[in-house]
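These notes concern the structure reproduced below.
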Amino acid sequence: MIGNPKKLIGMVGAITVLAGQFIISPMASAAEGTSATEKGKALAFDRMKGNCLACHNIPGGAAPGNIAPALIAMQTRFPNKADLRRQIWDATIKNPESAMPPFGKHGALSEDEIDAVVEFIWTL
């Protein structure tokens, strides 16, 4: 028998994100001179950085995952950017069994990169 299904889903999600960092070539990186929203989109779609598409369906993203909620109506789901930022920084604060990698806590994204991703995700 397989153990706790939530932990299994969490492990699969983490492996998927990590695999995307090593197997799939990166998409365009965040370029200088672009808006924070554009930088955030580039990071969210970059298989070497945010890799949000590994788990989430995001409008405009190619080959999205389906193990996490679609990123739509984000301003309704997160009434302020601080709540959204906390979720991206470390989703396990709100849900200890979350499959979402703690991008800030583990240093996968810098504070500036997290801010840019928040700016993009907030527009969805």
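All values reported here derive from a predicted model rather than from experimental measurement.
Annotation for L71 and P59: closest pair O-CD, 3.6 Å, computed over non-hydrogen atoms.
I58 places none of its side-chain heavy atoms less than 4.5 Å from the side chain of P64. With a 4.5 Å cut-off on side-chain heavy atoms, I88 and M100 count as touching. The shortest side-chain heavy-atom distance between K41 and T123 does not fall under the 4.5 Å cut-off.
Distance check: T92 OG1 to K105 NZ gives 4.0 Å after rounding to the nearest 0.5 Å.
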Under 3.5 Å, side-chain donor or acceptor atoms of residues 112-120 against the rest of the protein: list the pairs with distances, not counting sequence neighbours.
residue : atom : partner : partner atom : Å
E113    : OE1  : K49     : NZ           : 3.3
E113    : OE1  : S110    : N            : 2.8
E113    : OE1  : S110    : OG           : 3.4
E113    : OE2  : K49     : NZ           : 3.0
D115    : OD1  : R85     : NE           : 2.6
D115    : OD1  : R85     : NH2          : 3.2
E119    : OE1  : K81     : NZ           : 3.0
E119    : OE2  : K81     : NZ           : 3.1

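Using modelled atom types, no side-chain atom of R77 and backbone atom of L84 make a donor-acceptor pair closer than 3.5 Å.
Remark: Q87 engages no residue in a side chain to side chain donor-acceptor pair (under 3.5 Å) (not counting sequence neighbours). For Q75, the side chain to side chain donor-acceptor pair (under 3.5 Å) criterion is met by no residue, not counting sequence neighbours. In this structure N57 satisfies the side chain to side chain donor-acceptor pair (under 3.5 Å) test with no other residue, sequence neighbours excluded. For T37, there are no side chain to side chain donor-acceptor pair (under 3.5 Å) partners at least two apart in sequence or on another chain.
Evaluation of the ring pair (Phe, Tyr, Trp, His ring centres under 6.0 Å) test over residues 48-102, restricted to residues two or more places apart or in two chains, returns none.
The neighbour count for N66 CG, taken as heavy atoms of other residues, nucleotides or ligands under 6.0 Å away, does not exceed 12.
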Apply the test side-chain contact (heavy atoms from CB on, under 4.5 Å) to residues L53 and R47: give CA-CA distance (whole Å), side-chain angles for both, the deciding distance (0.1 Å), then the verdict.
CA-CA 8 Å; L53 283 169; R47 302 291 182 175; 3.8 Å; yes

